[in-house]
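Let me begin by presenting the structure, written as structure tokens, before commenting on it.
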Amino acid sequence: MDFSIENFRHRAARQSRDLHLGETGDFHFNPDLETVIRENAVREAAVLIGVFDAQDGPHLLLTERTTTLRSHSGQIALPGGRADEGDRTFEETAMRECEEEIGIGVDNLEVVGRLPTYLSGSGYRIHPIMAVVSGDYQLKPNPDEVAAIFHVPLSFLMNEQNHVKADRDWQGKRRYFYEMPYENRYIWGVTAGILRVMYERLYVD
């Protein structure tokens, strides 16, 4: 399969032409939780799926959250956060948060599409924004939020063989989710869920 930047740009734009992208979320894997998740997901947020060209092909940027954060501390995440009143679009939210968290600003980001809104069990309506990262930039992790910045080959993340469906008990119920272990990084939960949706929307023909 072609995992080039140009192909990613094309696939992202093609699927984003759908004006009714719909909603997905943690209930995609846990249908019995759909009503609760929909009722609780009221806070708007956006994340940036940033892909850049490396020597061995496109890679996708991810962060490791600091252990001092109140929620999801120490977990792997996409750059992003809550929408501010001053944000005119969720694209602006995602790019602003990307610059605040890892130092990559709008001058180095080419937005190429959106994915369906992702409703999380933690109460967020997350708008995933896909972008190509290019030009000269210096990664600057915000020490209050980001413990580390790393990247994973797009070809690894968009390969279904690397998607592990796992489960655990949560509030007396069995909850299902995806894992995408990569080297010493444990990608799971909402981040893996969004990347799984990206795979289904872009790379399943």
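All residue numbers refer to positions in the sequence shown, counting from 1. Please read all numbers here as calculations on a predicted model, not as lab measurements.
Note on ring orientation: taking the six-membered ring where Trp is involved, the planes of H127 and F90 are parallel (angle under 30°, cut-offs 30° and 60°).
Between the side chain of D84 and the backbone N or O of G86 there is no donor-acceptor pair closer than 3.5 Å. When atom types are taken as modelled, the side chain of N30 and the backbone of Y176 share a donor-acceptor pair closer than 3.5 angstrom. One N or O on the side chain of R43 and one on the backbone of S122 form a donor-acceptor pair closer than 3.5 Å. No donor-acceptor pair under 3.5 Å is formed between the side chain of D2 and the backbone N or O of N7. Between the side chain of D167 and the main chain of R175, no donor-acceptor pair closer than 3.5 Å is present. Checking side-chain atoms of T117 against main-chain N and O of E23 turns up no donor-acceptor pair under 3.5 Å.
Side-chain contact between I126 and S120 is present, with heavy atoms from C-beta onward closer than 4.5 Å. In this structure, the side chains of R201 and M130 stay at 4.5 Å or more apart for every pair of heavy atoms. Residues P58 and D53 have side chains in contact (heavy-atom distance under 4.5 Å, counting atoms from C-beta outward). For the pair R196 and Y199, the minimum side-chain heavy-atom distance is below 4.5 Å. In this structure, M198 and F8 have side chains that are in contact, with non-hydrogen atoms separated by less than 4.5 Å. Using a 4.5 Å heavy-atom threshold, the side chains of L157 and Y203 count as separate. In this structure, Y178 and L195 have side chains that are not in contact, with every pair of non-hydrogen atoms separated by 4.5 Å or more. Looking only at side-chain heavy atoms (C-beta outward), T191 and Q75 stay at 4.5 Å or farther from each other.
V133 and L139 end up in the same hydrophobic cluster when Ile, Leu, Val, Met, Phe, Trp and Tyr side chains are linked at under 4.5 Å. Hydrophobic cluster membership differs between Y124 and W188, with clusters built from Ile, Leu, Val, Met, Phe, Trp and Tyr side chains linked at under 4.5 angstrom. I37 and V42 fall into different hydrophobic clusters, where Ile, Leu, Val, Met, Phe, Trp and Tyr are joined by side-chain heavy atoms under 4.5 Å apart, directly or via other members. Cluster membership check: Y186 does not share its hydrophobic cluster with F156, using side-chain heavy-atom separations under 4.5 Å among Ile, Leu, Val, Met, Phe, Trp and Tyr. The same ILVMFWY cluster, assembled from side-chain heavy atoms under 4.5 Å apart, contains both V146 and M95.
With values rounded to the nearest 0.5 angstrom, D32 atom CG is found 12.5 Å from F27 atom CZ. Expressed to the nearest 0.5 Å, how far CG of L78 lies from CD1 of I187 amounts to 9.0 Å. Distance check: M158 CE to F3 CZ gives 8.0 Å after rounding to the nearest 0.5 Å. Put simply, NE2 on H10 and CD on Q15 are 12.0 Å apart, with the number rounded to the nearest 0.5 Å. Note that the CE atom of M180 and the CG atom of N162 stand 8.5 Å from one another [nearest 0.5 Å]. Rounding to the nearest 0.5 angstrom, the gap separating the CG atom in L62 from the NE2 atom in H151 is 10.5 Å.
A pairwise comparison of heavy atoms in L48 and A131 identifies CD1-CB, 4.1 Å as the closest pair. In plain terms, the two heavy atoms of A46 and A94 that are nearest each other are CB-N, 3.9 Å.
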- prompt: When you look at L202 and L115, which way does the side-chain contact (heavy atoms from CB on, under 4.5 Å) test go after all the steps?
  reply: CA-CA 9 Å; L202 269 63; L115 292 173; 4.0 Å; yes
- prompt: Going through the checks in order, is the side-chain contact (heavy atoms from CB on, under 4.5 Å) test met by L119 and R38?
  reply: CA-CA 7 Å; L119 278 56; R38 285 190 178 277; 3.9 Å; yes
From CA spacing to verdict: side-chain contact (heavy atoms from CB on, under 4.5 Å), Y118, D26: CA-CA 8 Å; Y118 192 98; D26 289 348; 2.8 Å; yes
Audit row: L61, I104, side-chain contact (heavy atoms from CB on, under 4.5 Å) steps and yes/no: CA-CA 11 Å; L61 287 163; I104 298 178; 3.6 Å; yes
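The pair R82-E97 does not meet the salt-bridge criterion, since no charged nitrogen lies less than 4.0 angstrom from a carboxylate oxygen.
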